[in-house]
Every structure is written in C-alpha cells, then in structure tokens.
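Structure first, then comments.
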Amino acid sequence: MIKERARPEIMTYVFDDRPGVAQVFSRIEQNYLKIAEGAIDAIQHLRNQGIEVSIVAELKRTLGPIGTDMVSAFLVRQGVIQYFDELITLREDRPSYG
C-alpha cells in the first residue's frame, strides 16, 4: 500500500517548502519502496483465472501521464505496470461516496 495523503505535510513541515529538497526526496524514496513478496504471483494467478486486476489509488492531484505520480512511478520502476488493467483514482478535491 502506498499513500500520498501525507505528502503535503512532509513537503511543508519536514522540507520547509523547499521544492528542490522535495524533488530529491521523491526520486530517492522510489529506491526504498518494494513490492510485497508473493504479490506478483498472486496477481498473475488472478489474471490466469480471467480476473481483471486494477489499482485503486488516492492521489493528491489529477493523474497526468503514467509515471508522473508516486503510484504509477512505483509500478513503472518496479516493472510491474503491465500486470494491471486499470489505475482508478479519486482526486481529493472531489467528494467521495460510500
């Protein structure tokens, strides 16, 4: 699970709103995020059964090109984006239902 909810607080409180530091952090943190052991095997099993597998992500901003937000950048960097049929997002500036 990757959550972007606390990112603004990290950028303002920890990095004192210094954009250069925040950009370096965003690049470096990708090196330390990992996929859980067995997750890809489980996803492949579901897909082999004909079950579509999607990502549901809470993003702080509108999704741009794949790889520009934390979630899709992680999937691209890990080389697993091809295992997912969709990336479903809910922008925080829109109401949620349920």
Side-chain angles (χ1 to χ4, degrees):
M1 170 183 255
I2 301 175
K3 288 190 65 97
E4 282 196 331
R5 180 176 283 282
R7 293 187 77 69
E9 290 81 7
I10 291 172
M11 299 308 163
T12 57
Y13 182 73
V14 177
F15 299 135
D16 197 27
D17 280 329
R18 293 180 294 171
V21 176
Q23 291 169 353
V24 170
F25 173 76
S26 293
R27 283 195 316 268
I28 298 297
E29 77 174 330
Q30 289 289 325
N31 296 330
Y32 296 95
L33 299 172
K34 303 290 181 221
I35 296 174
E37 187 176 324
I40 297 303
D41 291 336
I43 291 167
Q44 287 176 320
H45 176 74
L46 292 170
R47 291 180 62 84
N48 290 341
Q49 300 298 311
I51 298 171
E52 290 186 8
V53 180
S54 300
I55 301 265
V56 177
E58 170 191 77
L59 301 178
K60 293 298 283 184
R61 59 186 171 84
T62 303
L63 181 64
I66 294 296
T68 60
D69 63 276
M70 183 181 176
V71 175
S72 65
F74 171 76
L75 298 172
V76 167
R77 184 169 177 80
Q78 295 294 317
V80 298
I81 198 155
Q82 73 275 7
Y83 294 113
F84 301 95
D85 297 291
E86 295 178 289
L87 175 56
I88 302 165
T89 66
L90 171 65
R91 290 189 354 220
E92 283 214 347
D93 60 344
R94 294 190 176 174
S96 60
Y97 303 96

Can you tell if the side chain of V80 reaches within under 4.5 Å of the side chain of F74, non-hydrogen atoms only?
-> no
Sorted by chain and number, sequence neighbours left out, side chain to side chain contact (heavy atoms under 4.5 Å, CB included) with N31 holds for I28, R77
Y32 with V24, same ILVMFWY side-chain cluster at under 4.5 Å: yes
Between L87 and the options V56, I81, I55, the side chain to side chain contact (heavy atoms under 4.5 Å, CB included) test singles out I55
Residues 31-43 vs salt bridge (Lys or Arg N to Asp or Glu O under 4.0 Å), sequence neighbours excluded, gives none
Side chain to side chain contact (heavy atoms under 4.5 Å, CB included) filter on A42, not counting sequence neighbours, yields none
Applying side chain to side chain donor-acceptor pair (under 3.5 Å) to Q44 and not counting sequence neighbours gives Y83
Residue set satisfying side chain to side chain contact (heavy atoms under 4.5 Å, CB included) with E86, at least two apart, ordered chain then number -> S54, I88
When rounded to the nearest 0.5 Å, the distance separating CG of D85 from CD1 of I43 is 10.5 Å
Sorted by chain and residue number, the side chain to side chain contact (heavy atoms under 4.5 Å, CB included) partners of V21 (sequence neighbours excluded) come out as F15, R18
